[in-house]
Participant: 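Have a look at this one before I ask anything.
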Amino acid sequence: MSFNKFPPKPKYDPDTGPVYLYGLHTVRAALDNPGRLKKALLATPNALNRLRETGEIGKVKVTESTPKELDRLLGGDAVHQGVALEVDPVSKFGLDDIAQLNLVVVLDQLTDPHNVGAILRTACAFGADAVITTARHSPRETGVMAKAASGALDLVPMIEVRNLGNTLENLKQRGMLVLGFDSEAEAPLRPRTDSRPMAVVLGAEGKGLRQRTRELCDEMVRLDMPGPIKSLNVSNAAAIALFAATAGRVA
């Protein structure tokens, strides 16, 4: 019987320790982001060659490593592909930093880093200008989130706000339609054919949108599910919502 029955745990606490990004796509996006402070790159020779095939490494300090050493550092569940990059958290943006807002995704107290990362990836795919999260009850930037985002963390601005209600009011003042999603909403989502800027608002699994958030939405809609399962993981719902909300719009 093997004595290595359980995968190694991370040598650091991802919730309080340094921020390590891992995986080739994620690390490549971080290296290409001029606004990201890169501290140290740990890579196997093969992974380093693959990174260099796709772009410059820059001036970051490079340390040769092995898969086992990276497993011990990041934990056995991290799919690191032989590379890890220690970074400072990505720079936070404010709404005033983005001159033109056409499509925004707003997350009302989503705490799961896998879901937030997956939504970032979807938002990037649909050309969203920003993803807005709450300062409280939202995950810290971690390798788990960045891996799920597959590079989108360095491509889509994340805006962290203390008062979501004020932010929604701000979005409306800037001419955006605030569209809230809830499985119990009376109206089904219909494809939008106008080009009005839109903020898609999604709530945490289980809790959904908070009451104040609902009240500030211009419209509340649901995703119609013809099958026996009537609800989806929030990251899957985000993909469907963004497709349905934008499919009929004029580019």
Side-chain angles (χ1 to χ4, degrees), residues 93-112 115-135 137-138 149 152 155-226 229-251:
F93 292 79
L95 277 179
D96 294 337
D97 295 322
I98 304 174
Q100 186 67 36
L101 292 173
N102 292 309
L103 180 62
V104 171
V105 179
V106 182
L107 307 180
D108 186 7
Q109 296 194 342
L110 265 70
T111 58
D112 188 316
N115 283 335
V116 174
I119 290 171
L120 271 164
R121 182 176 184 174
T122 297
C124 184
F126 280 93
D129 301 297
V131 172
I132 296 175
T133 66
T134 53
H137 304 292
S138 63
L155 297 171
V156 179
M158 279 193 71
I159 299 173
E160 190 177 275
V161 299
R162 295 189 177 278
N163 189 313
L164 188 60
N166 289 348
T167 300
L168 295 178
E169 294 280 19
N170 188 331
L171 293 175
K172 292 199 280 189
Q173 289 170 8
R174 292 182 64 167
M176 301 198 85
L177 172 73
V178 177
L179 191 65
F181 283 78
D182 188 277
S183 60
E184 303 299 324
E186 292 185 6
L189 173 65
R190 302 295 185 195
R192 317 291 304 193
T193 56
D194 60 84
S195 57
R196 182 179 176 185
M198 184 186 311
V200 172
V201 189
L202 301 162
E205 289 188 69
K207 295 189 300 182
L209 298 181
R210 290 174 291 167
Q211 183 61 33
R212 179 59 175 158
T213 304
R214 294 168 185 263
E215 292 171 354
L216 288 170
C217 290
D218 294 309
E219 298 179 29
M220 290 295 301
V221 296
R222 69 177 188 273
L223 295 175
D224 271 339
M225 299 292 161
I229 295 178
K230 300 300 180 182
S231 63
L232 292 173
N233 172 283
V234 65
S235 62
N236 294 330
I240 297 172
L242 285 171
F243 175 77
T246 61
R249 300 178 75 183
V250 178

Participant: Which heavy atom of Val131 sits nearest to which heavy atom of Ala123, and what is that distance?
Facilitator: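 Looks like CG2-CB, 3.7 Å.
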Participant: Compare all side-chain heavy atoms of Leu120 with those of Met158 and state whether any distance is below 4.5 angstrom.
Facilitator: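 Contact flag for Leu120/Met158 side chains = yes.
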Participant: Let me confirm one number: the CD-CG distance from Gln109 to Leu164, rounded to the nearest 0.5 Å.
Facilitator: 8.5 Å
Participant: Has Asn115 got a side-chain atom pairing as donor or acceptor with Asn233's backbone, closer than 3.5 angstrom?
Facilitator: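 Checking the backbone N and O of Asn233 against the side chain of Asn115, no donor-acceptor pair under 3.5 Å is found.
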Participant: Which pair of heavy atoms, one from Gly175 and one from Arg196, lies closest together, and at what distance?
Facilitator: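 Nearest pair, atom of Gly175 first, then Arg196: O-NE, 3.4 Å.
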Participant: To the nearest 0.5 Å, how far apart are CD1 in Ile119 and SG in Cys124?
Facilitator: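 SG of Cys124 is found 14.0 Å from CD1 of Ile119.
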Participant: Answer yes or no: is there a side-chain heavy-atom contact under 4.5 Å between Val106 and Thr167?
Facilitator: no
Participant: Counting only N and O atoms by type, is there a donor-acceptor contact under 3.5 Å from the side chain of Arg214 to the main-chain atoms of Leu209?
Facilitator: yes
Participant: Is a side-chain N or O of Asp218 found less than 3.5 angstrom from the main chain of Val178, in a donor-acceptor match?
Facilitator: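 Yes; at least one donor-acceptor contact below 3.5 Å.
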Participant: Write down the atom of Phe126, the atom of Phe243, and the distance for their closest heavy-atom approach.
Facilitator: CE2-CA, 3.5 Å
Participant: So do the side chains of Leu103 and Leu242 get within less than 4.5 Å of each other, counting heavy atoms only?
Facilitator: yes
Participant: Between Arg222 and Ala185 (side chain of the first, backbone of the second, donor and acceptor by atom type, cut-off under 3.5 Å), is there such a pair?
Facilitator: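 Such a contact is found between Arg222 side chain and Ala185 backbone.
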Participant: Looking at every heavy atom in both Leu177 and Glu219, which two are closest together, and how far apart are they?
Facilitator: CD1-OE2, 3.9 Å
Participant: Would you name the heavy atoms of Val156 and Ala128 that are closest together and state the gap between them?
Facilitator: CG1-O, 4.2 Å
Participant: How long is the span from the CG atom in Leu202 to the OG atom in Ser235, to the nearest 0.5 Å?
Facilitator: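 Separation between the atoms: 10.0 Å.
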Participant: Return the minimal non-hydrogen interatomic distance between Glu184 and Asp182, and the atom names on each side.
Facilitator: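 Distance-wise, the nearest heavy atoms are N-OD1, 2.7 Å.
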Participant: Distance from Leu171 atom CG to Leu101 atom CG, nearest 0.5 Å?
Facilitator: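 Reported value, rounded in 0.5 Å steps: 7.0 Å.
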Participant: Quick one: pull up CG in Leu179 and CE in Met220 and give me the separation to the nearest 0.5 Å.
Facilitator: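 That separation rounds to 8.5 Å.
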Participant: Would you indicate whether the side-chain heavy atoms of Pro157 and Ile98 approach each other to under 4.5 Å?
Facilitator: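 Yes, their side chains come closer than 4.5 Å.
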Participant: Hey, does Ile132 have a side-chain heavy atom less than 4.5 Å from the side chain of Leu95?
Facilitator: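 The answer is yes; the side chains approach within 4.5 Å.
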Participant: Using 0.5 Å steps for rounding, measure from the CG atom of Asp96 to the CZ atom of Arg174.
Facilitator: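 Separation between the atoms: 6.5 Å.
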Participant: For a side chain to side chain contact (heavy atoms under 4.5 Å, CB included) check, start with the C-alpha distance between Val201 and Phe181, then their side-chain angles and the critical distance, and finish with the verdict.
Facilitator: CA-CA 6 Å; Val201 189; Phe181 283 78; over 6 Å; no
